[in-house]
Amino acid sequence: MIAAVVVDVPSGSVNKTFDYRIPVELEGWAEPGMRVIVPFGPRKLQGFILEIKEDSTVKGMKNIIEILDPLPVLTSELIELGRWLAENTLSFYITAYQAMLPAAMKATYEKAFQVLVPEKLTDPIASLFSANNEINVSDITNENPHLLKTLQNLAKEGVLDVVYKVKNKANKKRVKFVSLASKDLAKDTIQQNQKKAEKQKALLRELVNRPSGEYPLQEILTETGASHTTAQTLVKKGILHIEEKEVYRDPFQGRKMKPSKPLPLTENQENAIKPILHSIENNNHQTVLLHGVTGSGKTEIYLQSIQSVLDKGKEAIVLVPEISLTPQMVNRFKGRFGSAVAVLHSGLSIGEKYDEWRKILRKEVSVVVGARSAIFAPFQNLGIVIIDEEHETSYKQEDHPRYHARDVAIWRGKFHSCPIVLGSATPALETYARAQKGRYQLAELAKRVHSNPMPEVTIIDMREELKNGNRSMFSKELMDKLKTGLEKGEQSVLFLNRRGYASFILCRDCGYVAHCPHCDISLTFHKRYGELKCHYCGYKEGTPSVCPSCSSEHIRFFGTGTQKVEEELAKVLPEARVIRMDVDTTSKKGSHEKLLTAFENGEADILLGTQMIAKGLDFPKVTLVGVLAADTMLHLPDFRASEKTFQLLTQVSGRAGRHELEGKVIVQGYDTQHYSIQLASKHDYHTFYNHEMQARKLHQYPPFYYLGLLTFSHPDLMQVVDASDKAATYLSKRLSHDSLLLGPVTSPIARVKDRYRYQVMIKYKNEPELRVWFEEIIAHFQKDKDIKDLQITGDLNAQTLM
DNA sequence: AGCACGCCGACT
DNA sequence: GTCGGCGTGCTC
């Protein structure tokens with residue numbers, strides 16, 4: 001039998017399968033989807049079997065060296081999905097397959113010299129091998145390049161052998177368990193009157209006192225103070241039995257989970273869950289957009305939908321943005337479905353992720369809660385996929401394979417004939433537009449549960465505050481409300497929107513921000529050249545010294561941070577206990593959770609933070625939410641700026657008044673008249689949607705057009721300009737009349753790691769050949785020997801132009 | 001991607 | 001003469 005294998009080499013020239021013979025001893029054992037080790041040229045590489053076939057036309061086939069998995073790690077569905085993924089994201093097959101599996105399964109390679117004929121080794125070299133029969137090449141290359149040459153020559157002469165090793169990044173965790181081999185023998189030993197062997201007796205006593213069974217050796221040793229050798233001695237005496245067993249690392253060890261029962265649904269919820277249950281019942285694929293205001297009880301709908309999927313013996317995937325994958329979130333699922341839940345997120349170690357993943361493969365769990373890549377959970381009987389906060393941009397992976405979890409989810413939904421639920425209070429424009437068109441089914445939750453009112457939002461214009469002599473970063477009203485909350489013993493959340501800082505120019509008097517006349521995008525301030533530039537079309541102008549709008553001199557670029565806010569808060573409200581959450585205070589593992597728990601337990605009055613406190617948090621005692629600098633993001637050079645601002649303000653406001661106490665939100669900013677701020681304060685998604693859709697239509701952005709993006713990078717600016725120019729010409733001759741070609745222009749991030757970046761953008765509605773053209777362009781420059789080191793990445797559906 | 005092979009200039 | 005630089009092409 002022959003196996004078609006993709007090998008672990010992410011390169012265009014080997015982006016295909018290679019045929020290998022399956023040796024007789026592995027016959028009937030090898031299956032598609034298993035990882036194997038195969039010879040590839042002089043090396044050994046890891047690869048995936050994609051297909052098993054009878055024969056092959058290839059001459060001089062080699063044998064598979066080893067099969068790495070007892071079970072396929074890629075199901076036939078995932079093999080097919082990977083092919084689709086690679087082809088639609090312009091990635092290599094191997095890259096797509098590796099993205100579906102936990103990092104632990106990716107191979108690492110090592111090359112080493114081994115001694116073949118020890119007698120022929122002379123001394124300086126011989127001593128190198130005295131400790132070990134082998135030397136890793138990676139250990140010598142940096143230190144002594146000359147030695148490498150010598151060893152290579154010895155290898156040529158046949159004195160040394162070159163071996164290639166393939167390893168895994170992480171392995172199954174094995175733990176030693178101890179049990180009594182003979183209880184009687186143990187008791188006898190304890191009875192012995194000698195003063196000797198006290199540690200041995202202590203160890204045995206511990207085991208005798210416990211109910212008979214196996215215990216982790218380490219636990220027993222720490223308990224009794226005995227050492228490994230003690231245990232080993234007892235094994236030799238035949239009193240103890242030690243066995244190594246494979247265990248799962250448990251990232252949730254010792255955590256208490258509050259069990260929860262299904263809550264009665266409100267009438268609103270009943271209506272919203274209907275289409276989902278209907279799709280589950282009839283086993284048909286349907287994408288349902290669950291548009292529900294913050295606090296409207298979307299999670300309960302998720303939970304009950306999952307329950308009905310589990311009742312049918314099927315499985316569920318829940319995607320949550322990385323940032324809101326908090327213990328609070330996880331507990332809601334673990335509380336309802338207990339040990340049937342696996343969790344996959346970046347906070348886990350490589351090994352922990354591997355273990356959680358294996359629980360899925362072995363069908364030990366039927367619910368997965370995780371970030372983006374959890375969409376590849378190897379379930380074989382998938383009954384539902386839920387994507388919470390579906391508008392989040394983090395669902396799009398920004399390096400290869402550049403997939404959007406939403407697209408993958410829908411692919412799997414079609415494959416399994418099951419519903420895909422997209423939940424959000426502020427759906428992405430693309431999603432809502434599709435729901436309007438009828439491609440997705442729309443389910444709306446317009447009211448909060450228990451008829452809690454939406455929080456009242458007050459917008460404060462900081463320009464007015466400045467005119468009235470308030471130069472602090474807190475408006476008078478926010479100060480007053482913070483004080484009142486403090487007196488009443490209620491909690492407040494202060495949200496500082498840090499994205500978009502320091503890159504734009506703002507007039508402190510009138511709120512003027514420089515915009516590009518051609519693109520309706522704010523200009524980016526380039527400190528180095530002292531000029532303002534548009535990252536979309538390349539337009540530029542000088543930095544004004546006075547505001548072009550009101551002639552004020554208070555025009556400058558803008559910036560502040562959470563630390564500064566904390567300091568100022570300490571000055572004006574010294575009695576307030578503040579917890580600050582940002583990248584600095586949450587970098588340590590578990591600190592995120594600790595801070596939130598502290599806040600939940602009322603150990604602080606004010607929670608101050610950035611993006612990471614905007615989503616999903618639910619604290620009953622929070623009555624006030626303050627948003628500092630609500631409008632900074634509006635000035636990012638991003639056509640989604642308004643949408644993101646609206647989403648963020650809506651999310652943050654949603655943290656207030658979710659329970660008995662009524663909530664209040666104060667939003668501070670400069671450009672407070674902007675529709676995304678005004679409409680967010682009125683909780684009016686629909687008007688925002690209509691308004692924003694008009695703007696997108698006018699400027700030819702998604703969802704009216706798809707964005708194709710080709711990014712070129714090279715250390716030499718001239719090469720990038722030249723290559724991107726050629727590509728643009730190539731495309732311009734082929735694009736249909738409905739498509740628009742923009743650029744080439746410098747990327748918003750013009751240089752990364754000493755490489756200049758240029759991009760060509762295509763706005764298109766229907767361009768079935770675009771993928772092929774991108775491939776051709778990439779292949780063309782790959783072959784061109786005059787331009788080495790030119791990197792090109794193509795994205796057929798870019799979410800951002802950065 | 002890595003590795004070998006092969007073809008040229010610089011030094012023992 | 002040989003060592004070692006990099007350009008070229010292949011990997012079932």
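Reminder, nothing fancy here: chain letters follow the sequence lines and each chain counts from 1. Keep in mind that the numbers below use all heavy atoms, side chains included, and drop hydrogens, waters and symmetry copies. Because the structure is a prediction, the values reported are computed rather than measured.
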Note to self: Donor-acceptor pair, distance only, cut-off 3.5 Å: does the side chain of A:His714 make one with the backbone of A:Asp716?
What the structure shows: yes
Check: Hey, does A:Lys111 reach any base, or is it just sugar-phosphate, or nothing, if we go heavy atoms under 4.0 Å?
Finding: sugar-phosphate
Next item on the list: Take the protein atom NZ of A:Lys106 and the nucleotide atom C1' of B:dA1, then report the distance between them rounded to whole Å.
Entry: 11 Å
Notebook entry, point to check: For A:Leu151 and C:dG4, what is the distance between atoms CG and P respectively, to the nearest whole Å?
Noted result: 13 Å
Check: Choosing from B:dA1, B:dC3, C:dC12, which nucleotide comes nearest the side chain of A:Ser11?
Finding: B:dA1
Notebook entry, point to check: Side chain of A:Glu390, backbone of A:Ala428: donor and acceptor closer than 3.5 Å?
Noted result: yes
Next item on the list: Using a strict 4.0 Å threshold on nitrogen-to-oxygen distance, state whether A:Lys396 and A:Asp795 make a salt bridge.
Entry: yes
Check: Using a cut-off of 4.0 Å on non-hydrogen atoms, how would the nucleic acid contact of A:Phe92 be classed: base, sugar-phosphate, or nothing?
Finding: nothing
Check: Does anything in residues 13-35 of chain A reach DNA chain B, meaning a heavy atom under 4.0 Å, and if so which residues?
Finding: A:Ser13
Check: Any luck finding a side-chain donor-acceptor pair between A:Gln380 and A:Thr75 under 3.5 Å?
Finding: no
Margin query: Is a donor from one side chain sitting under 3.5 angstrom from an acceptor on the other, for A:His391 and A:Glu430?
Written below: no
Next item on the list: Quick one: do A:Tyr164 and A:Glu110 satisfy side chain to side chain donor-acceptor pair (under 3.5 Å)? Show the steps, please.
Entry: CA-CA 6 Å; A:Tyr164 296 87; A:Glu110 225 166 48; over 6 Å; no
Next item on the list: Specify the separation, in whole Å, of atom CG of A:Leu45 and atom P of C:dT11.
Entry: 14 Å
Check: Mind checking whether A:Tyr701 and A:Phe639 have parallel, tilted or perpendicular rings, split at 30° and 60°?
Finding: parallel
Check: Tell me: CD of A:Gln152 to C1' of B:dC5, nearest whole Å?
Finding: 13 Å
Checklist line | d(CE, A:Met61; P, C:dT11) in whole Å | finding: 14 Å
Check: Could you state the CG-P distance from A:Asp8 to B:dG2, rounded to the nearest angstrom?
Finding: 9 Å
Check: What nucleotide among C:dT11, B:dA1, B:dC3 has an atom nearest to a side-chain atom of A:Tyr164?
Finding: B:dC3
Next item on the list: Could you check how far CD1 of A:Ile94 sits from P of C:dT11, rounded to whole Å?
Entry: 18 Å
Next item on the list: Nearest whole angstrom, please: distance from the P of B:dA1 to the CZ of A:Phe40.
Entry: 13 Å
